[in-house]
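Comments concern the structure below.
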Amino acid sequence: MSMLTSSLKNLFRRPFTTRYPRAPADIPPGNRGRVMWDMEKCIFCRRCERSCPTSAITTNKEAKTQRVVRNRCIACNVCVEVCPTQTLSMVPEYSKPDVAPVAHVFAVDLPRHEYRVEHLPKHGGKKEGAK
């Protein structure tokens with residue numbers, strides 16, 4: 001089949017992908033989804049931070065916050081397994097898509113399982129022209 005024929009056929013077909021977030025995501029069984037914190041249980045031992053293979057988690061003991069950079073997290077479940085107080089869990093859902101990298105910050109002063117979203121610099125924080 002030529003590329004032109006294939007292109008014309010695809011032009012009149014419906015999309016193969018889901019229009020997430022407008023349509024619900026088709027989450028297969030056994031999908032880990034994303035990490036969620038219950039900050040009432042957290043003792044800020046930093047085991048989750050130290051065990052994270054992608055360094056997606058940072059802990060601030062003074063501010064009593066846990067921060068996860070969503071585009072770094074690979075949902076490997078290691079942080080959940082090492083947590084001594086079962087503060088972390090994996091929820092079978094996805095974060096809303098965003099145009100820039102984001103971090104979810106879980107804090108003791110927020111309601112249970114809620115977080116605030118922080119937008120990260122698009123290019124690692126380096127300014128144009130910087131080396």
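For this chain, numbers begin at 1 and follow the sequence in order. Computation of the quantities below employed the complete heavy-atom set of this structure, encompassing side-chain atoms and omitting hydrogens, waters and symmetry-equivalent molecules.
- Atom CZ of Arg47 is surrounded by 12 or fewer heavy atoms from other residues, nucleotides or ligands within 6.0 Å.
- Taken together through direct or relayed side-chain contacts under 4.5 Å among Ile, Leu, Val, Met, Phe, Trp and Tyr, Val35 and Ile43 form parts of separate hydrophobic clusters.
- Across Ile57 and Cys79, no two heavy atoms sit closer than the pair CD1-CB, 3.8 Å.
- Looking at heavy atoms from C-beta onward, Glu118 lies out of side-chain contact with Val102 at the 4.5 angstrom threshold.
- The two residues Leu110 and Glu114 come nearest to each other via the heavy atoms CD1-O, 3.8 Å.
- Closest heavy-atom contact between Arg116 and Ala107: NH1-CB, 4.3 Å.
- For the atom pair Lys61 NZ and Cys45 SG, the distance stands at 8.0 Å (nearest 0.5 Å).
- Relative ring orientation between Tyr115 and His104 is described as parallel, the plane-to-plane angle staying below 30° on a 0-90° scale split at 30° and 60°.
- Hydrophobic clustering keeps Val78 apart from Ile74 (ILVMFWY residues linked when any side-chain heavy atoms are closer than 4.5 Å, directly or through intermediates).
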- Task: In sequence, state the C-alpha distance, the side-chain angles, and the governing distance for Met39 and Phe44, and then conclude on side-chain contact (heavy atoms from CB on, under 4.5 Å).
- Result: CA-CA 9 Å; Met39 294 304 291; Phe44 300 97; 3.6 Å; yes

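- Residue Cys83 comes nearest to Leu88 through the heavy atom pair SG-CD1, 3.7 Å, listed as atom of the first residue, atom of the second, then distance.
- Under a hydrophobic clustering in which Ile, Leu, Val, Met, Phe, Trp and Tyr are joined whenever their side-chain heavy atoms come within less than 4.5 Å, directly or via other members, Val91 and Val68 fall into the same cluster.
- Atom-to-atom distance recorded for Arg67:CZ and Glu49:CD is 11.0 Å, nearest 0.5 angstrom.
- Proximity of a side-chain donor or acceptor of Thr65 to a complementary backbone N or O of Val105 within less than 3.5 Å is not detected.
- Of all the heavy atoms in Ser55 and Arg72, the pair that sits closest is O-NH1, 3.0 Å.
- Listed for the Thr59 side chain is no donor-acceptor partner under 3.5 Å among the backbone atoms of Arg46.
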